[in-house]
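FYI, the numbering just counts along the sequence from 1. Since we're looking at a predicted model, the values are computed, not measured.
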Amino acid sequence: MSFSEPPGWEPSAAQQLLLQACLAPVDQASHAIRQWAEQPVHQRRDSGSRRLMPLLLRRCREIELPATLSAERASWKQEAMRTWQKNHRLLSCANRLASGLESAGIPVLLIKGLPLALQAYGDLCVRPMADLDLAVPHRQARQAVEALTEAGWEPLPTPLKGSGDPLTGEGDEQRAEQLAWISRQRRVEDFSPLYFHVRHSHGFRHRDGLEVDLHWSIFQGQCDPERDDPLWEAAQSLAAINRIPQAPASPLLRTPEPAEHLLLLLAHGTRWNRIPPIRWIVDAVMLLRSTPELDWQRFHSRAQDRNLTLVGAELLTFLRDRFAPEIPLAVIEQLRSTARSSREHRLYRIECAAPGWRCGIEELRYLHRRYRLLRRRPDLRGSMAMPSWPVYLCHVLGAPGRRDLARYALSELERRRLPSTGLLRLCG
């Protein structure tokens with residue numbers, strides 16, 4: 001992303017109108033939905049906008065729907081019903097998992113989708129979600145993996161950038177065969193201390209079709225065992241803040257304190273995604289509206305601790321200017337005045353842009369930093385055997401061997417048009 005390009009988290013003109021229809025005061029929302037209805041169909045039906053249709057349907061209780069959209073309302077109702085049904089299944093699943101993990105002495109934290117639906121939205125119909133984001137303490141990650149697999153949950157493939165992209169061009173069939181390992185599920189024995197100190201989460205699927213994203217580190221790229229201790233200490237009981245009496249949450253379930261949860265939503269929303277990530281805006285606004293006494297000093301302190309003051313300043317400014325004027329200007333000014341490193345600036349620009357060669361190099365830099373750190377820490381050397389750099393890369397990325405890793409690197413070189421020599425040298 002160059003400095004002249006808008007960040008990937010910023011909505012398009014059509015998405016801005018949809019967000020206003022969902023979040024703005026009634027008079028502004030009524031005007032916005034009429035303008036949104038006049039947009040070309042392909043601009044109104046992008047994958048990110050479709051996620052907001054159940055919320056738009058709820059808003060239609062207050063604003064009049066243009067006649068041109070009447071025919072679409074039936075499909076919005078169907079999506080809202082599917083959302084309600086799946087979210088009830090996910091809540092039941094979360095309650096069962098909390099009971100099972102707690103019996104093994106593992107506390108459970110829910111983040112993002114489901115706790116937001118219960119607390120901030122107060123409605124299981126309007127916040128679609130693909131999976132359940134469940135967190136456990138870093139020190140009990142291996143124990144949690146074993147408990148999940150014993151309960152019938154199977155690990156998904158190791159997540160890799162570009163693994164879901166279709167292959168195009170000559171030699172696709174051969175490349176697909178060579179990279180078939182990318183789609184193989186990760187073996188339980190490969191969930192090692194090394195993996196837990198480099199990755200922050202892993203997905204699991206149950207035979208009933210539900211998926212859980214198991215986190216042992218709440219923020220991506222921040223995988224030290226003690227990093228999340230303050231977040232766990234301040235976590236709230238989800239049952240105590242649940243606004244939906246008909247959907248009881250287990251008293252064993254907890255969720256982050258609102259200021260920390262807001263920071264997580266902003267950090268997650270910053271990252272580029274194939275599905276336009278405009279839902280971060282709605283999540284953040286709904287959380288702010290449900291928490292008028294948000295602890296802004298805690299927000300600033302945690303943003304500083306996690307090197308996210310730039311993310312906080314940029315995204316809070318956007319929210320305050322358009323949807324959340326209640327955000328104190330003093331908080332944004334405090335965030336902007338905080339000293340930050342050149343690396344924080346670089347990471348922000350990279351994460352906001354579509355994956356390119358800079359993103360690939362930065363991923364390898366992160367992996368190499370973690371490798372050097374793990375080799376230096378005496379408390380870790382006693383709990384894991386440190387392999388060579390190529391073997392370490394293969395293990396973390398799930399590659400069967402060096403040759404497989406090299407093929408993946410070449411595939412990424414072609415896809416991202418990276419300078420080949422630097423990346424292949426880093427891959428060993």
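- The neighbour count for R289 CZ, taken as heavy atoms of other residues, nucleotides or ligands under 6.0 Å away, is above 12.
- Residues V126 and T83 approach most closely at N-CG2, 4.2 Å, considering heavy atoms.
- At a threshold of 4.0 Å, the pair D46-R51 does not count as salt-bridged, since none of the basic side-chain nitrogens sits closer than that to a carboxylate oxygen.
- Legend: residues meeting salt bridge (charged side-chain N to carboxylate O under 4.0 Å, His left out) with R302, ordered by chain and number and at least two apart, are E260, D305.
- Once rounded to the nearest 0.5 Å, the distance linking CG of L148 with NE2 of H206 reads 9.5 Å.
- A donor and an acceptor atom, one from each side chain of H261 and T291, are nowhere located under 3.5 Å apart.
- A ring-centre distance under 6.0 Å is not found for H202 and W216.
- Looking at R205 and E211, a side-chain N of the basic residue comes within less than 4.0 Å of a carboxylate O on the acidic one, giving a salt bridge.
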Using the side-chain hydrogen bond (donor to acceptor under 3.5 Å, both in side chains) rule, take H88 and W84 through it: C-alpha gap first, then chi angles, then the decisive distance, then the call. CA-CA 6 Å; H88 270 280; W84 182 86; 3.1 Å; yes
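- Between E333 and R336, no side-chain nitrogen of the basic residue sits less than 4.0 Å from a carboxylate oxygen of the acidic one, so the salt-bridge criterion is not met.
- Of all heavy-atom pairs spanning Q236 and P258, the tightest one is NE2-CD, 3.5 Å.
- Taking the charged nitrogens against the carboxylate oxygens, R306 and E344 have no contact shorter than 4.0 Å, which rules out a salt bridge.
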Compile the donor-acceptor pairs under 3.5 Å between side chains in residues 130-140 and protein atoms, sequence neighbours left out, one pair per line.
unit_1	atom_1	unit_2	atom_2	d
D133	OD1	H215	NE2	3.1
H138	NE2	F196	O	3.0
H138	NE2	C223	O	3.0
R139	NH1	D229	OD1	3.4
Q140	NE2	G105	O	2.8

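- Summarising the local packing, CD of E189 is surrounded by more than 12 heavy atoms from other residues, nucleotides or ligands at distances under 6.0 Å.
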